[in-house]
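Here the structure is laid out as structure tokens; the discussion comes afterwards.
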Amino acid sequence: MEALQILVIEDHSFQRKVVVHMLQSLGVREVAQASNGKQALEMLDTAQIAAPDIIFCDLEMPEMDGMEFLRHLSRRQPGMSVVIMSGMDNALITSVEKMALSYGLRLLGAVEKPSSLEQVEKLLKLHQVVRRRRARTVAAPVSFTLEEVLQALHQKQFEPYLQPKVSLKSGRVVGAEALARWVHPKHGVIAPHAFIPLLEQSGNMDEFTFLLLGKTATVCRQLHAKGHTISLSVNLSLSSLGDTKLADKITQMVRDAGVDPHHIILEVTESAAMTNVAEALENLARLRMRGFGLSIDDYGTGFSSMQQLTRVPFTELKIDKSFVADSANNHALRVIVESSIDMAHRLNVRSVAEGVEKQEEWDMLKEMSCDVAQGYLIAKPMDCAAFFDFCDQYPLRRTEAFPVVMQGWLTA
Ligand code: C2E
Ligand code: CA
Ligand code: CA
């Protein structure tokens, strides 16, 4: 075991000793101990222990419980690796895990009490893997300035990468979502988190959206010309919806590309930042009238929830990947996914599950009568040329044995 420093927070002295002993027997030389969250914070604040590599934290403790401690910890040391120890039921542990991740902590996992040596060893190994991986990614940081991003926008270097959406019932490709990629002349293909926040903050999303929409509409026409009459989805930033001319501009652009608005779906997420609500609703109503599909993106997360259902004339509900992932094995997630699908059906809109990665999730969604699936199980987002091939080959290469995954298809 690499030289690790670990802090164990547990009020029950016998249980604490057990964990400390296990860690020592696994070769961890420096193990500090605290009997509640308050004491642990004092130790960190007064530097009685140098920054630990991992904190093992009990949830039920007097004075300051584990949840409160994790909140304080995240403000002092964001990104700290944490292991939760608890004798509570799975649903509670899962919700604390989510909380820790939302606070920005690096959660290695949870151990039941009494914990076993194997469990603890597994988590320490996981920590090493995470650390090595992080060291590798830090070695090649690629971050860009606003100036570089704007220049790329000017030179139209952003491209839609298409990720297929497949009908769970028929197994056919019914559409694709256009996800922006920066095809950088030197650094290769760059994901949206490296440039979208910069464009949002600097008020340049409109130009970006129109670039992506224009290119996507052109691809849509080409697909139709080849006999693939599917719809393409484009993400719409909320900041664009405040301009009441938006609906006209979008309609114009799509029609100019020779595409009927019925073949374009606009994905929208509601957020706290949504200030011009009236203007946004005016735009969305007009877009719907012109025939565009409207999708509620990231359904179930934060602000994209019930309230939106009653306000936007949407046609599709997209269940966020954070609910879909692991839903086949997690009862609470399963209930959320199932009731979202149910609600979509009652409201007469299409249900789409994103982030489908496993066959068992596909099977579960099919059983729940979800309409459409999107995710790595089917394919990762790919450039337009690859998507043309995908559409040509998908119906031929699917087999009875592998109804979803195309044999031999490289999705990496
Ligand atoms: P999103 O709209 O929720 O898009 C889904 C994200 O999930 C995409 O990430 C996609 O690559 C990823 N994904 C798809 N299938 C799977 C799966 O099976 N497992 C996992 N773990 N992930 C999966 P991506 O492409 O990095 O995009 C991130 C976000 O950036 C998007 O989230 C969207 O909010 C934003 N974005 C991307 N392109 C555009 C764009 O053209 N305009 C705007 N306004 N936002 C965009
Ligand atoms: Ca989306
Ligand atoms: Ca999402």
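Values below: every heavy atom of this structure, side chains too, minus hydrogens, waters and symmetry copies. When a ligand or atom number is given, it counts from 1 through the structure's own listing order.
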**OP:** To 10°, measure the OE1(Glu267)-the Ca ion (ligand 2)-OD1(Asn235) angle for me.
**Re:** 90°
Subject >> Glu177, N/O/S atom nearest the Ca ion (ligand 2) >> reply: OE2
Subject >> Contact flag Ser233/the Ca ion (ligand 2), N/O/S atoms, threshold under 3.0 Å >> reply: no
Original post:
Applying a 4.0 Å heavy-atom criterion (strictly less than), which segment of Arg181 is in contact with ligand 1: side chain, backbone, both, or neither?
Top reply: side chain
Subject >> ligand 1-proximal atoms of Tyr161, by part, heavy-atom distance under 4.0 Å >> reply: neither
Original post:
Any N or O of Gln374 that comes nearer than 3.5 Å to an N or O of ligand 1?
Top reply: no
**OP:** Give a yes or no on whether Asp298 keeps an N, O or S atom under 3.0 Å from the Ca ion (ligand 2).
**Re:** no
**OP:** Look only at interatomic distance and state if Asn235 has a nitrogen or oxygen under 3.5 Å from any nitrogen or oxygen of ligand 1.
**Re:** yes
**OP:** Kindly say whether the aromatic ring centers of Phe144 and His187 come within a distance under 6.0 Å.
**Re:** yes
Original post:
Which of the listed options, Val356, Asp297, Ile196, holds the heavy atom that is closest to atom 1 (P) of ligand 1?
Top reply: Asp297
**OP:** Look at ligand 1 and say whether Ala191 reaches it with a heavy atom at a distance under 4.0 Å.
**Re:** no
Subject >> Contact (N/O only, under 3.5 Å) between Gln163 and ligand 1 >> reply: yes
